[in-house]
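The figures here come from the full heavy-atom set of this structure, side chains too, leaving out hydrogens, waters and symmetry mates. Read the numbers this way: they start at 1 and go in the same order the structure lists the ligands and their atoms. Model, not experiment: these values are computed from the prediction.
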Amino acid sequence: MLAAGTAGSRGLDVLLIEKNSTLGRKLLITGKGRCNLTNSAAEISDLIAKIPVNGKFLFSAFHAFSNHDLIEFFRDLGLETKIERGGRVFPASDRAADVVSALRKFLKLNNVRVIKGAVKRVVLQNNSISRVTLQDGRNYPCRSVVVATGGLSYPQTGSTGDGYRFARECGHTVTPLKPALVPLEVKEGWVTELQGLTLKNVAISLRDEMNKELYRDFGEMFFTHFGVSGPIILSASSYLGGNQSNNCRLVIDLKPALSAEQLDRRVQRDFHKYAGRIFVNSLSDLLPRKMIPVMVKLSGIPPDKAVSQISREERKGLVELLKNLTLEIKALRPLKEAIVTSGGVAVEEINPSTMESKIVKGLFFAGEVIDVNAYTGGFNLQIAFSTGYVAGLHC
Ligand SMILES: Cc1cc2nc3c(=O)[nH]c(=O)nc-3n(C[C@H](O)[C@H](O)[C@H](O)COP(=O)(O)OP(=O)(O)OC[C@H]3O[C@@H](n4cnc5c(N)ncnc54)[C@H](O)[C@@H]3O)c2cc1C
């Protein structure tokens, strides 16, 4: 949409071909329906620092159309934004649908024709773009094509990886496609008992088999029937790389604001307060209700033991558990459940200043189809918008 509208603003005759019946279906589910459309990072280098794969390729695109330009762009279209924790930028209305409406307005203002149809092939002649062919047989002769078909995640939104095929058929290399920003499956069966439970303000540490810390973060996570998800888990998944099945562990600190000694004193106070109770009934000040049976089981302290009878050693063990609740990672969830796809059209084959293919004249790429991906925080949409803008400017 950014590419089409930008091309339209240059007076070109632009057709946007979308296979869904509505535009921006994925945008509607971004940021839990609120659309974290960019990040307020001050410098372009701050944006690039959040893009672990091929970040430098985006330098020109971010210069041409930065996060600040994007905020301005939406303001001109009547969409006010607000900044939240970690520089995350959302529409002031908290409605992703308003972002899609603003983009539709942009298309209309720039006379872009939108048609419903699934592109089947990008047809070349003498190594230049000749036309696109749709599944239903329609043909559209053209001088340029911008492939902005997204990745392979959440295919129900329309991103079924067609653009990778178009790229390959035009002679491009597509690097291996893998899930990024994805929930984690764990070996411990007890997580199912915690399904749906959100933990706020916890710290996590991702460790490899040698106990080396790969990643540390603080924030919100939740349990699912297969393991764990939520913002800090999705970010952590990016650091697993090829290590996914190599006995990595996730260590959760349930009380990161307290040192082990402080937490021990806190537990002692609770035990004093509930001295007349049994163990299982003494943890309600310390833990969410749903977590108590699981933590009691993991602590090894009999649930019906009188609190007054709990030994110093048992108490220390409980404190250790609260500070180091450990999960063994079994696997990353599949690509269709990932927030973004890692891998894509090789950046070495795309001109970073124009997004044009170095192989086929008139062929451009924008967004997730390119081999770039970022951490959470609005960076992935900024990539799509900036590369879309540049492609629209040069196609
Ligand atoms: C649940 C979820 C939440 C997310 N939240 C955020 C967030 O808050 N902030 C953020 O920065 N990123 C977020 N992302 C990532 C972000 O949505 C994507 O990186 C971004 O949408 C990629 O944009 P794109 O234009 O490249 O592809 P897409 O948004 O996937 O758009 C591609 C479009 O091309 C169409 N298409 C595909 N093939 C064809 C074809 N053959 N013919 C015609 N049309 C076709 C599709 O139907 C689709 O509409 C989230 C992703 C998910 C799954």
When you measure from the centre of the six-membered ring of Y140, is the NZ or CZ of R131 closer than 6.0 Å and no more than 45° off the axis?
no
Closest to atom 3 (C) of ligand 1 among protein heavy atoms sits T30 CA, 3.6 Å
Where the closest heavy atom to atom 22 (C) of ligand 1 is concerned, which of K120, R34, E368 has it?
E368
Shortest reach to atom 1 (C) of ligand 1 by a heavy atom, considering only F166, F385, F379, Y154:
Y154
F73 ring center near F106 ring center (under 6.0 Å)
yes
State whether a side-chain donor-acceptor pair under 3.5 Å links S205 with E213.
yes
Are side-chain N/O atoms of K323 and S259 paired as donor and acceptor at under 3.5 Å?
no
At what distance is the nearest protein heavy atom to atom 29 (O) of ligand 1, and which residue and atom is it?
K26 CB, 3.9 Å
For ligand 1, which atoms sit closer than 4.0 Å to a heavy atom of N380?
11 (O), 12 (N), 19 (O)
Could you check if a side-chain atom of M221 sits within less than 4.5 angstrom of a side-chain atom of I204, using non-hydrogen atoms only?
yes
Distance under 4.0 Å to a non-hydrogen atom of I29: what atoms of ligand 1 satisfy this?
1 (C), 3 (C)
Numbering as shown, the atoms of ligand 1 that approach A118 to under 4.0 Å (heavy-atom distance):
42 (N)
We want to know whether T133 and N139 form a side-chain donor-acceptor pair, criterion being a heavy-atom distance below 3.5 angstrom.
yes
Could you go through S229 and L184, starting from their C-alpha distance and side-chain angles, then the distance that decides it, and tell me whether this counts as side-chain contact (heavy atoms from CB on, under 4.5 Å)?
CA-CA 6 Å; S229 188; L184 302 176; over 6 Å; no
Measure up the Y239 and Y375 rings against each other and bin them: parallel (under 30°), tilted (30 to 60°), perpendicular (over 60°).
parallel
Could you check atom 42 (N) of ligand 1 against the protein and tell me its nearest heavy-atom contact, residue, atom and distance included?
V119 N, 2.9 Å
Considering the heavy atoms of A384, write down every atom of ligand 1 situated less than 4.0 Å from one of them.
23 (O)
Linked, directly or transitively: Y164 and Y154 (ILVMFWY side chains, under 4.5 Å)
no
For the pair Y389 and F65, name the ring-plane relationship: parallel under 30°, tilted 30 to 60°, perpendicular over 60°.
parallel
Going by the order shown, which atoms of ligand 1 are within less than 4.0 Å of some heavy atom of I17?
43 (C), 44 (N)
Nearest heavy atom to atom 41 (N) of ligand 1: which of N39, V340, D162 does it belong to?
D162
To check your reading of the model: name the closest protein heavy atom to atom 8 (O) of ligand 1, its residue, and the distance in Å.
G31 N, 3.0 Å
I need the nearest protein heavy-atom contact for atom 45 (C) of ligand 1: residue, atom name and distance, please.
K19 CG, 3.8 Å
How close does the nearest protein non-hydrogen atom get to atom 10 (C) of ligand 1, and which residue and atom is it?
L381 CG, 3.4 Å
Check each atom of ligand 1 against the heavy atoms of G117 and keep those under 4.0 Å away; list them by number with element.
42 (N), 43 (C)
Which atoms of ligand 1 are found less than 4.0 Å from any heavy atom of T157?
47 (O)
Say whether T22 and N20, considering side chains only, have a donor N or O and an acceptor N or O under 3.5 Å apart.
no
Check: E18 N/O within less than 3.5 Å of ligand 1 N/O:
yes
How far is atom 50 (C) of ligand 1 from its nearest protein heavy atom, and which residue and atom is that?
I339 CG2, 3.3 Å
Among A148, G158, G151, G150, which one has a heavy atom closest to atom 34 (O) of ligand 1?
A148
Judged by heavy atoms only, the candidate from N36, L16, T22 nearest atom 9 (N) of ligand 1 is N36
With a cut-off of under 6.0 Å to the ring centre and 45° to the axis, is R333 in cation-pi contact with F226?
yes
Protein heavy atom at shortest distance from atom 38 (N) of ligand 1
T149 CG2, 3.5 Å
Numbering the atoms of ligand 1 from 1, which are under 4.0 Å from a heavy atom of G367?
26 (O)
To the nearest 0.5 Å, what is the distance between CD (E349) and CD1 (I359)?
4.0 Å
